[in-house]
Every structure is written in structure tokens, then in C-alpha cells.
Amino acid sequence: MKVFITRPIMDFGMERLQKAGLDVTVWEENRALTPEELVSHCQQADGLLNAGINQLNAKFLEACQNLKVISLHSVGYDHVDIETAKKFGIKVGNTPGVLTDATAETAFLLMQSVARNAFYLSNQISAGNWKASQDITQFGIELRGKTLGIFGLGSIGFALAKRAKAAFDMEIIYHNRSTNDRAEKELDARKVSFEELVTQSDVLSVHANLTAENTGIFNGEVFGQMKPSAIFINTARGGFHNEPDLIQALDNRQIWGAGLDVTNPEPMQPDNPLLKMPRVCILPHIGSATIETRIAMLNLAIDNLLAGLNGTSMKAEV
Ligand code: 8YV
């Protein structure tokens with residue numbers, strides 16, 4: 001059977017696929033595939049291992065109905081038209097759980113870095129301005145005892161809340177469709193309305209799945225309702241926040257700071273003003289980018305791929 005992979009994978013992964021007797025084609029070019037190239041490669045394949053956020057929309061799926069399985073090298077599946085895939089009997093697998101801690105640690109890193117204005121002051125050193133930190137306007141704020149608001153308290157949100165509670169004794173509030181009993185029991189977390197989350201959070205961190213309903217939900221109006229001392233963190237998907245509105249909210253001091261591991265659009269352009277702003281920390285979508293986590297993600301993605309090709313049940317099916 002033929003498999004197409006959208007970017008080079010670790011050697012052990014290739015060995016597993018070759019040991020399974022699969023005919024593997026890998027996209028080696030140092031650029032994203034065009035939608036046309038993706039279709040032309042997938043029309044020959046039985047399975048697709050998709051790394052990155054290629055749009056696997058209805059048009060793509062219509063053209064590639066021959067696929068038995070799409071195995072995502074990601075937990076997020078907002079770039080896949082799941083209903084259409086199901087319609088064509090194409091199984092879709094993802095990688096939940098194995099990246100929970102790495103992604104939560106990235107959010108934890110960002111909230112601390114923003115609170116201490118770390119990236120900006122570090123860049124001031126290379127700009128020959130060591131003393132920038134002595135200016136009171138560049139002083140940081142402390143997280144101890146503050147309120148952490150989680151938008152979408154699933155496994156990653158819980159892992160962040162647990163760290164924030166243990167390290168800074170932060171109060172946890174969350175906005176979710178369903179109640180998270182474990183978080184309420186173990187972290188004394190409190191379920192609140194969206195309005196309360198926005199107005200009460202000292203740090204508001206996004207950990208939900210991106211949908212058509214919540215796309216752009218963090219816009220100028222919402223940033224305007226947040227505390228002027230609040231920090232906005234997004235390690236989920238750039239589509240949750242309206243970036244020009246975020247820049248304006250920071251410029252107008254409607255919020256205190258922001259930390260992003262996902263941007264809108266991706267990749268972020270090098271001249272984006274957010275990269276030079278105090279109290280702003282930007283990372284290039286590295287939430288799950290640790291050796292341990294990427295090995296676990298690839299193993300799970302290959303398990304799902306092999307199961308999909310063999311018609312057996314996947315470890316993680318969307
Ligand atoms: C992936 C992610 O690294 O899992 C996700 O949803 O965003 C990241 O872990 C990214 O999608 C690239 O494959």
C-alpha cells in the first residue's frame with residue numbers, strides 16, 4: 001500500500017513504515033505543499049500522514065476519495081473537514097494526550113515570560129540597552145495568588161492549571177461547555193460564564209478546539225472588557241484571536257501583555273509589530289516540539305495510520 005507524508009519524519013518512523021511493507025513517499029521540499037500538489041500526491045495513496053496544517057477540506061477530500069486513512073501528526077483537526085471525510089469513509093486519527101504536558105509547559109513558559117517582560121528586555125541587551133530594565137515601565141508583575149482563566153479546560157488546560165496552582169497558588173476559573181469535575185475537585189476550579197472569564201482573569205489562556213463558532217472570539221470588544229493588567233495567552237490556534245485587534249489593545253493599554261505560540265496567520269511576518277513590543281512573547285508554534293513528545297506523537301500517528309490501512313480500530317480516532 002502507498003503512503004504519502006507531508007514532511008520528513010524521524011528515522012525510526014520511516015523504519016516502522018518500511019518494516020510494515022509500505023511504499024512511502026515523503027515531501028522533502030522546504031516549503032508547504034500547494035493544494036494541487038497535495039491532491040496529486042494523495043490521489044496515488046492509500047494513506048496520508050499529515051504534519052502541519054495543510055487544509056484537508058471538502059475539495060481535497062472530494063479529489064482524494066481513494067484514501068483509506070488520514071493520520072494527523074497533531075491533536076488539532078480544525079484544518080480537516082471531518083464530516084466529509086466520514087462521508088467518504090476516510091478514517092481520521094490524531095495525537096491527543098501525548099503532547100499535553102509539552103503544550104501546557106509552553107503556555108506556562110509564556111505566561112511567566114510575559115509577566116516578567118522577558119523577551120523584550122532580553123532583546124534590549126542585544127540592542128545595547130542593558131539599563132532598559134531599570135525603567136519602571138518595564139518592570140514585571142507577579143503571578144502569585146492571581147486568577148488564571150482557562151478557555152477550554154481539557155487535558156492541556158488542566159495541565160497548565162495544575163502547574164499554576166502548584167507554583168503560584170493561582171485561583172483557577174474556566175469557561176467550558178461541560179463541567180470539569182476533576183479540576184473542580186483537585187484544583188478548586190470554578191466554572192464561569194464567558195463574560196466572567198474575560199473580566200475576572202489576570203491571565204487568560206486559550207486551550208479549546210478551534211471551530212467556526214469560536215473563530216476570532218478574542219477580538220477588540222473582548223480585549224476591551226479584560227483587565228488593563230491582564231495577560232492573554234494563546235497556545236491553541238491563531239484563529240482564536242484577531243491579531244490587529246490584539247496589537248491595538250496592547251498599544252492602547254487595554255490589556256497588559258500577550259504570549260502567543262500560535263499566530264494569525266502562520267507563519268508570522270518578521271516585521272509584525274508584536275515582535276518588538278514590550279510585555280509580548282511570541283514563539284513559532286513549538287507547543288509540542290520536544291524530543292520526547294514528537295517521538296510519542298509520531299509513534300501514535302503511525303499506530304493510527306497502520307490501523308486505518310489494516311481496517312482495525314485506531315488508538316485515537318477523531
Ligand atoms: C503540531 C499542534 O505540532 O498538535 C497540534 O494540534 O498544533 C502541534 O502539536 C502542529 O500541528 C504541527 O504538526
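First listed ligand is number 1; within each ligand, the first listed atom is number 1. What you see is a predicted model, and the numbers here were worked out from it, not measured in a lab.
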Heavy-atom count check: over 12 atoms from other residues, nucleotides or ligands less than 6.0 Å from F60 CZ?
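Counting neighbours around CZ of F60, more than 12 heavy atoms of other residues, nucleotides or ligands fall under 6.0 Å, so yes.
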
Atom pairs and distances, donor-acceptor, side-chain atoms in residues 2-13, under 3.5 Å, two or more places apart:
| unit_1 | atom_1 | unit_2 | atom_2 | d |
| --- | --- | --- | --- | --- |
| K2 | NZ | D23 | OD2 | 3.0 |
| T6 | OG1 | A51 | N | 2.8 |
| T6 | OG1 | A51 | O | 3.0 |

Q | Ring geometry between F240 and F151 (parallel below 30°, tilted from 30 to 60°, perpendicular above 60°) | A |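 Judged by the thresholds at 30° and 60°, the geometry between F151 and F240 is perpendicular.
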
Original post:
For R237, what residues pass the salt bridge (Lys or Arg N to Asp or Glu O under 4.0 Å) criterion, not counting sequence neighbours?
Top reply: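 Residues passing salt bridge (Lys or Arg N to Asp or Glu O under 4.0 Å) with R237: D78.
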
- Query: Who passes salt bridge (Lys or Arg N to Asp or Glu O under 4.0 Å) against E317, sequence neighbours left out?
  - Reply: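 Listed in chain order: K91.
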
Show the short N or O contacts, below 3.5 Å, that ligand 1 makes with protein N or O atoms; if there are none, say 'none'.
| unit_1 | atom_1 | unit_2 | atom_2 | d |
| --- | --- | --- | --- | --- |
| ligand 1 | 3 (O) | S288 | OG | 3.2 |
| ligand 1 | 3 (O) | R294 | NH2 | 3.1 |
| ligand 1 | 4 (O) | V75 | N | 2.8 |
| ligand 1 | 6 (O) | V75 | N | 3.4 |
| ligand 1 | 6 (O) | G76 | N | 2.8 |
| ligand 1 | 6 (O) | R237 | NH2 | 2.8 |
| ligand 1 | 7 (O) | R237 | NH1 | 2.9 |
| ligand 1 | 7 (O) | R237 | NH2 | 3.3 |
| ligand 1 | 7 (O) | H285 | NE2 | 2.6 |
| ligand 1 | 9 (O) | S288 | OG | 2.7 |
| ligand 1 | 13 (O) | G52 | N | 3.0 |
| ligand 1 | 13 (O) | H73 | O | 3.1 |

(Q) Using only atom types and a distance under 3.5 Å, with no angle test, would you say the side chain of T199 pairs donor to acceptor with the backbone of M226? (A)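 Judged by distance alone, no pair lies under 3.5 Å.
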
